[in-house]
There are 4 protein chains.
Amino acid sequence: MRKDELKQAAIRVFARRGYHAAKVSEIVAEAGVAQGTFYLYFPSKQALFGEILDDYLSLITGAVAGWDLTRVESLEQLRQDLKQVAFLLTQGMLRNQELTRIFFHEALAVDPVFNRHIAQFYDQVVALIGVVNRHCIAKGIYRPIDSDVLAQCVVGLIERVVVQYVVNSRVTEEESRRIVQEVIDLVLFGAAGTQVPAR
Amino acid sequence: MRKDELKQAAIRVFARRGYHAAKVSEIVAEAGVAQGTFYLYFPSKQALFGEILDDYLSLITGAVAGWDLTRVESLEQLRQDLKQVAFLLTQGMLRNQELTRIFFHEALAVDPVFNRHIAQFYDQVVALIGVVNRHCIAKGIYRPIDSDVLAQCVVGLIERVVVQYVVNSRVTEEESRRIVQEVIDLVLFGAAGTQVPAR
Amino acid sequence: MRKDELKQAAIRVFARRGYHAAKVSEIVAEAGVAQGTFYLYFPSKQALFGEILDDYLSLITGAVAGWDLTRVESLEQLRQDLKQVAFLLTQGMLRNQELTRIFFHEALAVDPVFNRHIAQFYDQVVALIGVVNRHCIAKGIYRPIDSDVLAQCVVGLIERVVVQYVVNSRVTEEESRRIVQEVIDLVLFGAAGTQVPAR
Amino acid sequence: MRKDELKQAAIRVFARRGYHAAKVSEIVAEAGVAQGTFYLYFPSKQALFGEILDDYLSLITGAVAGWDLTRVESLEQLRQDLKQVAFLLTQGMLRNQELTRIFFHEALAVDPVFNRHIAQFYDQVVALIGVVNRHCIAKGIYRPIDSDVLAQCVVGLIERVVVQYVVNSRVTEEESRRIVQEVIDLVLFGAAGTQVPAR
DNA sequence: TATGAATGAGTATTCATTCAT
DNA sequence: AATGAATGAATACTCATTCAT
């Protein structure tokens, strides 16, 4: 579909130029259509960005939807499940590196309207992780800990690891598995932890 | 000094509008000088941003400079020292919230030239933390762990906690102490860790 | 006929938006046909306007065609005949208010090519009235008077009365009869005239 | 002043091209300034037109301001005074032919916002003339006549005479005096009037 | 005939930067 | 040093027109 071709072209241009330096003329050239065609499908450059952003947030949400980590009963089970979730998430990002790059580099600097949108997304994610955290604390899997701070930490640590290994380094899916494991064990057992079970 | 007044004015404008929406005319109005005066002190709007960015990176660097966490010999000592470093860092950011906001929201979307600059900064920070990590591993304070992944995680988790509590929520310095402690203990002992010493 | 449907739709759109603000897309939407269909019947938006303009000029011309006011012999006869002509004319305009509105509001601002067209139309009308005037002067019905100036005056006074009462106020045909009588008596006897016969 | 130079340039361009065909680039070229300079003095092309329109309406208003035709006591006095007013008015229009052309050709087709503006102006003029008319009727200078219709007629007849002789033919001031006299006598005594006094 | 997606030339407006004073 | 009027390159968006189906 023309609309999708334009979106894909825009993703490539946004990824290499950044939102503000990306000209509509470059996007249409990349898509191989005329300038006017752009406006058949998007009312403005900003609206196009909004759609791309929504698509990405849906992608991320979709990658972890359906999971219910509050059903886990043991540390070991949690460890396994987290690995699954994290891998799926990482995979989604690895397969959409340009989108991921745009999200982490540009999204906050496009327009305040998107900032609110993104803040809501983060709030949802943090809330979701918070639920898991409180469940684990209740089950005695986690020690008593501020579940909100923990949630923020988890999000932040995923973010940077993603930016570094997905956006910048572009690791293989193979390598990403090992990193995911390291990260999960860090969250669960800490750097000074001694009782880390074998994988 | 006029130059500094302009820089301070620019920080306020960048913080509330974002780099791209900030007009030079608004910056000079904020500073109370004429349009032409701007160019007596800065060759361009982008150069001004570069200076502001450098100032911020220096601020951050300065907050942790002088510290040598590779001299620590025990877990407990590390825990104390980390707290010191982290608090100093957090304090610096809390006292420069606008700068911090600009750094995390705008810096990556201004121009590729700054992206490389920022990447180098992150590399340095990660390298620094990596040194500490390897030291701790050698001393047996940390279990064997990928020191680079750990370093990335630490950076990311600091980032998000800062963005959330410093940029968005604007916590008090008092509250920030508690959060810092939580974060450090998470890194050291994990969420599932059981042998966390009393503070 | 499709062509006529498009023309009627265009008249409505021109009347409410004005020529320049009227989009071809709105005209076809109003007519309920596809964009391309427009160009099956009209080579351009401007050509369509030209046709509409010609239709209107024909309408006006038709309303007074066939009349030969140079056959009148007396003031009273002239007065009667003028009333007839004027009423027919007014009626035509009242029944085509949108066209009348377009003519007086837009026609001169569309394109120089139409300006010449319209100027010719006015010249013809003035010439026609001039003939009547000279006839009446010769017959002694009119006093010696500059027949061209009189012709211009008659046209102008019709114009404004039409714009005011037809385009703006939309009077009834009933009311228009009285106004027509007033106007004719003004032209014939003036405001200061004392020997105005009963109607 | 730069603003005035731009306005004068715009008047010339509007007069020869019409509002819609007039490009800002042509206006600034005519004024001999850069494109951006335009926007130092006018927020938009439309606002510029608005100012020009206002200037013209003020010019017209100013030409007849100060006159109080309700103080006249006799027909002959009225006839003299009308001649004065009309000549002043005509003179103002003759000396601003481009403005006059713009007003009669373009003003109604620029934007609805100006249409309302112009309608108000006409209403005021008609009201003003209506006052005179009622005064003359009361004094017995005029026969009983619909003063509103008369007012509309006077305005319309001035309009067309102006368009024809000022905008199109560009008569001399000398010639205009004679025409003014003819027009006034037409209004006062009509074409069929016999008791027209010598001038 | 009819469609409607595609075209691309055209233009008002913005704003970083310059420079005469 | 300071001013602020002037500059002009840059660009998103519109809409009359075309044409393959």
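Here is how names work: the chains are called A, B, and so on, in the same order as the sequence lines, proteins then strands, and each is numbered from 1.
For the pair D:His20 NE2 and F:dC15 P, the interatomic distance rounds to 11 Å; values are reported in whole Å. For the pair B:Leu48 CG and E:dT17 C1', the computed distance is 14 Å after rounding to whole Å. Summarising the geometry, the separation between NZ on D:Lys3 and C1' on F:dA6 is reported as 17 Å, rounded to the nearest angstrom. If you measure from atom CD of B:Glu5 to atom C1' of F:dA2, you get 13 Å, rounded to the nearest angstrom. Per the geometry, CE belonging to B:Met1 stands 16 Å off C1' belonging to F:dA2, to the nearest Å. Nucleotide E:dT14 holds its P atom 15 Å from the CD atom of B:Glu26, rounded to whole Å.
Taking D:Lys7 as the reference, D:Phe42, D:Leu48, D:Glu51, D:Ile52, D:Asp55 meet the side chain to side chain contact (heavy atoms under 4.5 Å, CB included) condition, with sequence neighbours excluded. The side chain to side chain contact (heavy atoms under 4.5 Å, CB included) test applied to B:Ser58 returns no partner, not counting sequence neighbours. Applying the side chain to side chain contact (heavy atoms under 4.5 Å, CB included) test to A:Arg2 and every residue at least two apart in sequence or in another chain returns A:Glu5, A:Val33, A:Thr37, A:Tyr41. Residues forming a side-chain hydrogen bond (donor to acceptor under 3.5 Å, both in side chains) with D:Asn115 (at least two apart in sequence, or on another chain): none. Annotation: side chain to side chain contact (heavy atoms under 4.5 Å, CB included) contacts of B:Asp123 (sequence neighbours excluded): none.
Using a 4.5 Å heavy-atom cutoff, the side chains of D:Gln8 and D:Ile11 are in contact. Counting heavy atoms from C-beta on, the side chains of C:Tyr122 and D:Val163 never come closer than 4.5 Å.
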Anything under 3.5 Å between a donor and an acceptor, one on a side chain of residues 102-110 of chain D, the other on a protein residue two or more places apart or in another chain? List them.
{"residue": "D:Glu106", "atom": "OE1", "partner": "D:Tyr19", "partner atom": "N", "Å": "3.0"}

Give DNA chain F the dot-bracket treatment, 5' to 3': Watson-Crick (N1-N3 with N6-O4 or O6-N4) or G-U (N1-O2, O6-N3) under 3.5 Å, [ ] crossing, | other strand. .||||||||||||||||||||
N/O contacts under 3.5 Å, protein versus nucleotides 9-11 of chain E?
{"residue": "E:dT11", "atom": "OP1", "partner": "D:Lys23", "partner atom": "NZ", "Å": "3.4"}

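Counting only residues at least two apart or in different chains, salt bridge (Lys or Arg N to Asp or Glu O under 4.0 Å) contacts with residues 32-42 of chain C are absent. Applying the salt bridge (Lys or Arg N to Asp or Glu O under 4.0 Å) test to every pair with at least one member in residues 13-39 of chain B, sequence neighbours left out, gives these pairs: B:Arg12-B:Glu30, B:Arg16-B:Glu26, B:Arg16-B:Glu30, B:Arg17-B:Glu26. Identified under the salt bridge (Lys or Arg N to Asp or Glu O under 4.0 Å) test for residues 109-121 of chain C, with sequence neighbours left out: none.
Among the protein residues, C:Ala47 comes within range of no part of the nucleic acid, since none of its heavy atoms lies under 4.0 Å from any strand.
Residues from residues 37-46 of chain D with heavy atoms under 4.0 angstrom of DNA chain F, sorted by number: D:Thr37, D:Leu40, D:Tyr41.
Note on A:Arg2: a side-chain N or O is less than 4.0 Å away from OP1 or OP2 of E:dA6.
Spacing of P atoms, E:dT1 relative to F:dT21, comes out at 22 Å, to the nearest Å.
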